[in-house]
Amino acid sequence: MVAAMTLAANPAMAAEHIVGEGPGEYRSIQAAIDAANDGDSVLVSQGIWEETIDLRGRSITLAPLDGEVILDAAGRGSVITCVNGEDAG
C-alpha cells in the first residue's frame, strides 16, 4: 500500500495505533483496527504484512508509518473488507 487510505477521520480525538515489532506496538494490522475508534489512525511499519483486514465499520485512517507497506492476503480472500458502512468521507 503506497497511498494512505483515509476514511472520515476526526482529528480532534484521534489516537495513533502503531503496527510493528517494537514494545507496545500491535503485532497485526487487524489487532490495531480492532482497538481503534472512529477518527483514530492505524500506522503500519514498513514490510510485507500477510493478513486480511476488516475495517469493521470504523472511520479510521490506515497509512504507512515508514517506508513501503505491502498487504498480502496470501490467497485467503480480499486484502481489505469494507462492508459495514465505512465511508470514504
Side-chain angles (χ1 to χ4, degrees):
M1 174 175 39
V2 175
M5 175 186 292
T6 302
L7 303 172
N10 177 2
M13 301 182 71
E16 290 185 345
H17 303 273
I18 309 297
V19 182
E21 296 182 6
E25 295 179 348
Y26 294 92
R27 299 291 186 247
S28 73
I29 299 168
Q30 189 62 58
I33 290 170
D34 291 346
N37 294 306
D38 288 346
D40 288 356
S41 295
V42 173
L43 304 175
V44 183
S45 295
Q46 70 181 7
I48 299 173
W49 294 85
E50 289 187 3
E51 61 180 296
T52 60
I53 60 175
D54 185 338
L55 298 178
R56 302 199 193 286
R58 291 176 174 85
S59 294
I60 62 171
T61 297
L62 177 62
L65 177 65
D66 53 9
E68 184 176 63
V69 174
I70 297 171
L71 301 178
D72 182 354
R76 294 176 296 209
S78 297
V79 171
I80 300 175
T81 302
C82 303
V83 297
N84 294 302
E86 295 87 357
D87 184 0

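Everything numeric in this text was worked out from a predicted model, so none of it was measured.
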Expected output: side-chain S45 to main-chain V19 donor-acceptor under 3.5 Å: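 A pair under 3.5 Å: yes.
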
Derivation and outcome, side-chain contact (heavy atoms from CB on, under 4.5 Å), residues I29 and E51: CA-CA 8 Å; I29 299 168; E51 61 180 296; 3.5 Å; yes

Separation of S41 OG from I60 CD1 (nearest 0.5 Å):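 So the gap between those two atoms works out to 8.5 Å.
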
Nearest-0.5 Å distance that lies between atom CD1 in I33 and atom CG in L62: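 The CG atom of L62 is 5.5 Å from CD1 of I33, to the nearest 0.5 Å.
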
Pair listing, side-chain hydrogen bond (donor to acceptor under 3.5 Å, both in side chains) test, anchored in residues 17-33, at least two apart: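 Every pair satisfying side-chain hydrogen bond (donor to acceptor under 3.5 Å, both in side chains) with a residue in residues 17-33: H17-Y26, H17-D40, Q30-D34.
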
Connected hydrophobic set around L43, excluding itself, where side chains approach under 4.5 Å: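 Its cluster mates, by chain and number, are I18, L65.
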
Side-chain atoms of residues 72-83: list all donor-acceptor pairs with protein atoms under 3.5 Å, sequence neighbours left out, distances to 0.1 Å.
{"from": "D72", "atom 1": "OD1", "to": "A74", "atom 2": "N", "distance (Å)": "2.8"}
{"from": "R76", "atom 1": "NE", "to": "A73", "atom 2": "O", "distance (Å)": "3.0"}
{"from": "R76", "atom 1": "NH2", "to": "E50", "atom 2": "O", "distance (Å)": "3.1"}

Residue pair N84 / L55, side-chain heavy-atom distance below 4.5 Å: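 Of all side-chain heavy-atom pairs linking L55 with N84, none is under 4.5 Å.
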
W49 vs V69 side-chain heavy atoms within contact, under 4.5 Å: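 Yes, close enough: below the 4.5 Å cut-off.
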
